[in-house]
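Okay, so here's the structure we're looking at.
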Amino acid sequence: MNYDVIKDAVLAHIQSVFEEMEQEMAMSHQEKYALLEDAFENATDAAELRVAFDQWYADHAAEIEFEHEAHELWDMALGNVEE
């Protein structure tokens, strides 16, 4: 095999692997989002929403690898909400 064939084959394969990884990650994130939606459906007031969020975060933060703590995400989400 020549240089160009090998290079193209390896690059194409790695690109394919990365695309598969991205698809799996997107599916995993959608599943985690659905779990949060479900947790929120069981809440009856704002305090219970916060408890549900904190529990969801504790259950999934290590796997998702958030760059922010739960309270930071909560505060950022509510930063533009008017009461």
Side-chain angles (χ1 to χ4, degrees):
M1 285 192 199
N2 74 24
Y3 169 86
D4 288 328
V5 170
I6 294 170
K7 180 180 81 172
D8 291 346
V10 171
L11 289 173
H13 178 70
I14 297 302
Q15 180 65 32
S16 175
V17 169
F18 284 163
E19 288 172 359
E20 185 177 317
M21 290 168 63
E22 288 174 1
Q23 289 174 349
E24 290 173 7
M25 186 184 314
M27 287 176 46
S28 175
H29 288 169
Q30 284 298 336
E31 291 168 1
K32 301 292 185 286
Y33 182 82
L35 291 171
L36 179 59
E37 284 183 314
D38 290 346
F40 278 3
E41 286 299 316
N42 295 323
T44 58
D45 61 26
E48 288 184 10
L49 284 174
R50 181 59 191 259
V51 169
F53 178 76
D54 287 343
Q55 183 61 52
W56 173 85
Y57 183 93
D59 291 346
H60 303 290
E63 187 177 342
I64 297 173
E65 299 180 358
F66 286 115
E67 294 179 8
H68 302 283
E69 297 296 320
H71 70 277
E72 294 171 319
L73 288 171
W74 184 266
D75 291 345
M76 286 187 287
L78 299 180
N80 293 325
V81 175
E82 294 182 24
E83 295 186 36

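Just so it is clear, the structure is predicted and the values come from calculations on it, not from any experiment.
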Exercise. Do the side chains of F53 and L35 join up, straight or via other hydrophobic residues, at under 4.5 Å, putting them in one cluster?
Worked result: yes

Exercise. Hey, any chance L78 and Y33 share a hydrophobic cluster, counting ILVMFWY side chains that come within less than 4.5 Å of each other, even indirectly?
Worked result: no

For this session: Using salt bridge (Lys or Arg N to Asp or Glu O under 4.0 Å) as the criterion, list what pairs up with K32, not counting sequence neighbours.
Result: E63

For this session: Go through the structure and list residues passing side chain to side chain donor-acceptor pair (under 3.5 Å) with Q30, not counting sequence neighbours.
Result: none

Exercise. With sequence neighbours excluded, what pairs up with E41 under the side chain to side chain donor-acceptor pair (under 3.5 Å) test?
Worked result: none

Problem set entry | Apart from F18 itself, residues in the same hydrophobic cluster as defined by side-chain heavy atoms under 4.5 Å | M1, V5, I6, V10, I14, V17, M21

Seminar exercise, completed: Grouping ILVMFWY residues whenever side-chain heavy atoms fall under 4.5 Å, the cluster of M25 otherwise contains none

For this session: Kindly work out whether a path of hydrophobic side-chain contacts (I/L/V/M/F/W/Y, heavy atoms less than 4.5 Å apart) joins W74 to V51.
Result: no

Exercise answer: donor-acceptor pairs, residues 42-49 side-chain atoms, under 3.5 Å, sequence neighbours excluded:
{"unit_1": "N42", "atom_1": "ND2", "unit_2": "D38", "atom_2": "O", "d": "3.4"}
{"unit_1": "T44", "atom_1": "OG1", "unit_2": "E48", "atom_2": "OE1", "d": "2.9"}
{"unit_1": "T44", "atom_1": "OG1", "unit_2": "E48", "atom_2": "OE2", "d": "3.2"}
{"unit_1": "D45", "atom_1": "OD1", "unit_2": "A47", "atom_2": "N", "d": "3.1"}
{"unit_1": "D45", "atom_1": "OD1", "unit_2": "E48", "atom_2": "N", "d": "2.8"}
{"unit_1": "E48", "atom_1": "OE1", "unit_2": "T44", "atom_2": "N", "d": "2.8"}

Problem set entry | side-chain contact (heavy atoms from CB on, under 4.5 Å) against A52, all qualifying residues, sequence neighbours excluded | A39, F40

Exercise. Who pairs with E67 by salt bridge (Lys or Arg N to Asp or Glu O under 4.0 Å), at least two apart in sequence or on another chain?
Worked result: none

For this session: Not counting sequence neighbours, which residues clear salt bridge (Lys or Arg N to Asp or Glu O under 4.0 Å) with D75? List them please.
Result: none

For this session: Give every residue pair that meets the side chain to side chain donor-acceptor pair (under 3.5 Å) criterion with at least one member in residues 16-27, sequence neighbours excluded.
Result: Q15-E19

Exercise. What side chain to side chain donor-acceptor pair (under 3.5 Å) pairs are there with at least one residue in residues 49-58, not counting sequence neighbours?
Worked result: R50-D54, Q55-D59

